[in-house]
Trainee: 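Let me give you the structure first, and then I'll get to my questions.
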Amino acid sequence: MSYFLLFTTLFLTAAVGISFWKTYHVKIFLHPAFWFCVLWVCCIFSYFLLNIFPSEHNYYFAEHVNELYYFVLCTSIFFYVCKNIGRRTILSREPELKIDDIKRFFSVLAFVCLICSITNFILSGASFDFFSNRNKMVEYDTAMFYGEEKQSLIRTLLGVMLNINYMLAICAGFFLCSRFQYIFLPKEDDKKRIAVFILFIPLLASFFDALSVGGRNVIVIAFRLYIFGSALAFCSFAKTDYFIQVRKLLKKFIYLCAILLILFMAYSNYNLAQRYEMMNLQNQGLANMPVWARPFASIIVYFGCATTGYQLRRNDFVTEKLDYGRKTFSGVLSWQLPFFGLFGIKASLGNIFDIETYSMKTMFLELQQRNALFFSSVATMYLLLYDDFGFWGTIFFCFFLVLITQLLYWRWFLSDHKNFFSLYLLLIFFWLWSNSIFDPVFATGYVKTLFYSCLCLEVIRYSFNLIRDRNNTKNFSQ
């Protein structure tokens with residue numbers, strides 16, 4: 001492994017993130033490039049720490065580590081090259097997302113999602129034993145994959161409601177930011193304090209969802225969606241006097257974020273400790289860390305393992321034959337029409353157009369059967385891109401994705417927005433880059449999950465507005 005390449009990638013990626021901040025200021029929070037830079041600075045630095053304090057997490061093939069950091073370095077450069085596309089429009093406009101009518105039923109829907117999350121936690125037989133919950137989830141998914149078990153109607157409906165929670169998290173972040181003055185009110189204003197508490201219910205629902213599968217990623221997703229929603233609000237009043245009021249309270253908001261981060265670290269450390277105990281692994285590398293790094297041990301492993309996973313899967317999974325997108329876009333090709341699976345009908349895009357599909361579950365099961373080392377480790381979005389397009393193909397495809405990302409970001413500032421479908425594509429690419437240590441979003445079920453989440457929330461929104469208009473008409477006629 002080249003430490004020169006590691007530090008070059010680390011510092012250049014950080015520099016690109018800083019350059020975006022200097023260009024777009026607070027609007028940078030909505031740009032996927034900023035979160036890509038933050039994510040990979042954390043990943044590269046974490047992997048560096050894992051190599052300084054060796055543990056079972058630092059297995060590596062030097063050429064594969066260098067290859068990964070070449071991809072990251074090129075992606076950072078591509079973001080910098082495309083940075084100024086649409087710059088004047090982006091800096092001069094504050095597009096408004098008109099979703100205030102959601103407030104009328106947000107509380108009810110948030111509580112329903114929370115109840116569904118708790119119900120799913122109970123029905124799945126989960127407990128506060130993370131390792132046991134993870135094993136039950138893997139066994140259930142494996143049985144579903146081989147057709148040994150069918151998903152019940154109740155679990156399907158619960159899944160739909162949990163999907164809606166994704167969009168509620170965005171709404172909560174948006175309302176939390178756009179109604180910032182309600183966060184730190186005098187104690188006597190209890191009514192508005194309750195309203196603020198409700199905005200954290202989607203986060204609580206995500207906690208039970210994460211607990212039921214014995215993981216952390218669901219909570220990370222919830223945080224990311226809160227950030228996306230808050231960024232949408234920041235971009236809508238970036239140059240108004242109201243934003244000046246927000247800046248005055250930014251210090252207290254940072255305190256709130258720090259508290260949430262500490263709680264997540266405690267949850268993550270407990271999760272990691274249970275996994276080590278159940279798998280009888282020696283936590284020697286983490287034990288050798290300096291005192292200041294130990295509270296961040298689980299976070300360091302979480303980020304650092306992305307590089308480890310890439311090396312291992314690059315060595316034991318990637319084939320010589322290029323698949324030209326079959327794996328990268330497997331989530332889109334296997335997009336099953338809703339409820340057809342309950343009747344045993346295969347109605348995915350791959351089946352309809354007679355295209356051979358590939359499931360990420362297939363990869364997981366193949367590695368598990370071979371007893372591959374750390375077969376469940378994340379392997380970054382670049383692994384499937386390399387498997388599909390090769391080295392140079394991955395670099396060209398990354399440039400294509402970066403260009404589309406910048407164009408979608410520019411498009412957001414061209415007009416106001418009245419529904420959730422208008423933010424769907426930007427959200428997909430925000431998810432792609434802010435989640436790039438995992439599989440590309442097109443290879444997972446999140447493309448359809450987010451689409452159905454938008455669809456369900458828009459249907460509920462339309463229904464409430466229709467009922468309201470009818471009641472208003474009836475009252476007016478009387």
Side-chain angles (χ1 to χ4, degrees), residues 31-33 35-36 39-40 68 71-72 74-75 78-79 82 141 145 163 166-167 170 217-218 220-221 224-225 228 306 309-310 313-314 317-319 321-338 346-364 378-391 393-409 411 420-421 423-455:
H31 203 302
W35 298 108
F36 170 85
L39 180 69
W40 279 101
L68 174 62
F71 291 147
V72 176
C74 289
T75 304
F78 294 154
F79 271 122
C82 297
D141 284 351
F145 181 79
N163 289 347
Y166 287 130
M167 299 310 298
I170 294 176
N217 192 40
V218 178
V220 175
I221 289 172
R224 194 160 59 241
L225 294 176
F228 183 77
Y310 179 86
R313 301 295 80 83
R314 174 70 176 79
F317 170 75
V318 172
T319 59
K321 180 183 177 181
L322 301 182
D323 283 304
Y324 300 104
R326 186 171 68 94
K327 294 177 180 176
T328 301
F329 295 97
S330 58
V332 178
L333 294 174
S334 61
W335 189 327
Q336 181 84 4
L337 295 178
K346 295 182 179 180
S348 67
L349 295 178
N351 294 129
I352 294 174
F353 296 104
D354 195 25
I355 300 175
E356 184 182 1
T357 58
Y358 182 89
S359 171
M360 295 308 299
K361 177 61 69 175
T362 304
M363 169 183 171
F364 177 83
V378 298
T380 82
M381 60 175 280
Y382 294 106
L383 179 75
L384 294 186
L385 288 175
Y386 182 90
D387 201 9
D388 276 340
F389 303 107
F391 181 83
T394 298
I395 291 177
F396 285 120
F397 196 76
C398 283
F399 176 76
F400 178 68
L401 290 176
V402 166
L403 180 61
I404 293 178
T405 301
Q406 182 65 26
L407 292 176
L408 288 173
Y409 182 70
R411 172 185 169 275
F420 291 102
F421 287 111
L423 61 83
Y424 174 71
L425 289 178
L426 180 60
L427 175 59
I428 289 296
F429 279 82
F430 182 90
W431 192 298
L432 171 70
W433 296 113
S434 64
N435 198 52
S436 52
I437 64 173
F438 294 96
D439 300 317
V441 66
F442 309 109
T444 66
Y446 290 119
V447 174
K448 64 178 180 181
T449 296
L450 294 174
F451 178 83
Y452 288 138
S453 183
C454 291
L455 178 62

Trainee: Looking only at heavy atoms, which two atoms of Ala379 and Arg313 are closest? And how far apart?
Mentor: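 Looking at all heavy atoms of both residues, the closest pair is CB-CG, 3.8 Å.
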Trainee: To the closest 0.5 Å, what do you measure between CG (Leu455) and CG (Leu450)?
Mentor: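 One finds 12.5 Å between CG of Leu455 and CG of Leu450.
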Trainee: Got Val447 and Trp431 here, is their nearest side-chain heavy-atom distance under 4.5 Å?
Mentor: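 No, every pair of side-chain atoms sits at 4.5 Å or beyond.
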Trainee: Kindly indicate whether the side chain of Leu427, heavy atoms from C-beta on, has any atom under 4.5 Å from the side chain of Phe420.
Mentor: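 Leu427 does not reach Phe420 side chain to side chain.
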Trainee: Got Thr75 and Tyr382 here, is their nearest side-chain heavy-atom distance under 4.5 Å?
Mentor: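 In contact.
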Trainee: Show the numbers, then the answer: is there a side-chain contact (heavy atoms from CB on, under 4.5 Å) between Phe429 and Leu401?
Mentor: CA-CA 8 Å; Phe429 279 82; Leu401 290 176; 4.0 Å; yes
Trainee: Got a donor-acceptor contact below 3.5 angstrom from the Thr328 side chain to the Gly325 backbone?
Mentor: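 Looks like no, no N/O pair under 3.5 Å.
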Trainee: Within the structure provided, determine whether Tyr446 and Ile221 are in side-chain contact (heavy-atom separation under 4.5 Å).
Mentor: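 Tyr446 vs Ile221: side chains touch.
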Trainee: Please report the interatomic distance OG(Ser434) to CH2(Trp35), rounded to the nearest 0.5 Å.
Mentor: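 It comes to 9.0 Å.
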Trainee: Rounded to the nearest 0.5 Å, how far apart are CG of Asn435 and OG1 of Thr380?
Mentor: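 So the gap between those two atoms works out to 11.0 Å.
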Trainee: Can you name the residues that form a ring-ring contact (aromatic ring centres under 6.0 Å, His included) with Phe451, not counting sequence neighbours?
Mentor: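 ring-ring contact (aromatic ring centres under 6.0 Å, His included) check on Phe451 returns Trp335, Phe421, Tyr424.
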Trainee: To the nearest 0.5 angstrom, please state how far the CG atom of Asp387 sits from the NZ atom of Lys327.
Mentor: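 Spacing of CG (Asp387) from NZ (Lys327) equals 3.5 Å.
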Trainee: Contact between Phe399 and Phe396 at the side-chain level, heavy atoms closer than 4.5 Å - yes or no?
Mentor: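 Of all side-chain heavy-atom pairs linking Phe396 with Phe399, none is under 4.5 Å.
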Trainee: Measuring from Phe389:CZ to Phe400:CZ, what's the distance to the nearest 0.5 Å?
Mentor: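 Taking CZ in Phe389 and CZ in Phe400, the distance rounds to 10.0 Å.
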Trainee: Does the side-chain contact (heavy atoms from CB on, under 4.5 Å) test come out yes or no for Ile428 and Phe442, once each step is laid out?
Mentor: CA-CA 9 Å; Ile428 289 296; Phe442 309 109; 3.9 Å; yes
Trainee: Would you sort out whether Ile437 and Tyr310 count as a side-chain contact (heavy atoms from CB on, under 4.5 Å), showing the intermediate values?
Mentor: CA-CA 9 Å; Ile437 64 173; Tyr310 179 86; over 6 Å; no
Trainee: Taking side chain as C-beta onward, heavy atoms only, is Phe36 less than 4.5 Å from Leu432?
Mentor: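 Phe36 vs Leu432: side chains apart.
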Trainee: In terms of ring plane angle, is the pair Phe71 and Tyr386 parallel, tilted or perpendicular, where the classes change at 30° and 60°?
Mentor: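 Plane angle between 30° and 60°, so tilted.
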Trainee: Do Thr405 and Tyr409 make a side-chain contact, defined as non-hydrogen atoms from C-beta onward lying under 4.5 Å apart?
Mentor: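 They are not in side-chain contact.
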Trainee: Are the side chains of Arg314 and Leu383 in contact, using a 4.5 Å heavy-atom criterion?
Mentor: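 A side-chain contact under 4.5 Å exists here.
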Trainee: First locate atom OG of Ser436, then atom CG of Leu385, and finally report the distance between them rounded to the nearest 0.5 Å.
Mentor: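 Separation between the atoms: 10.5 Å.
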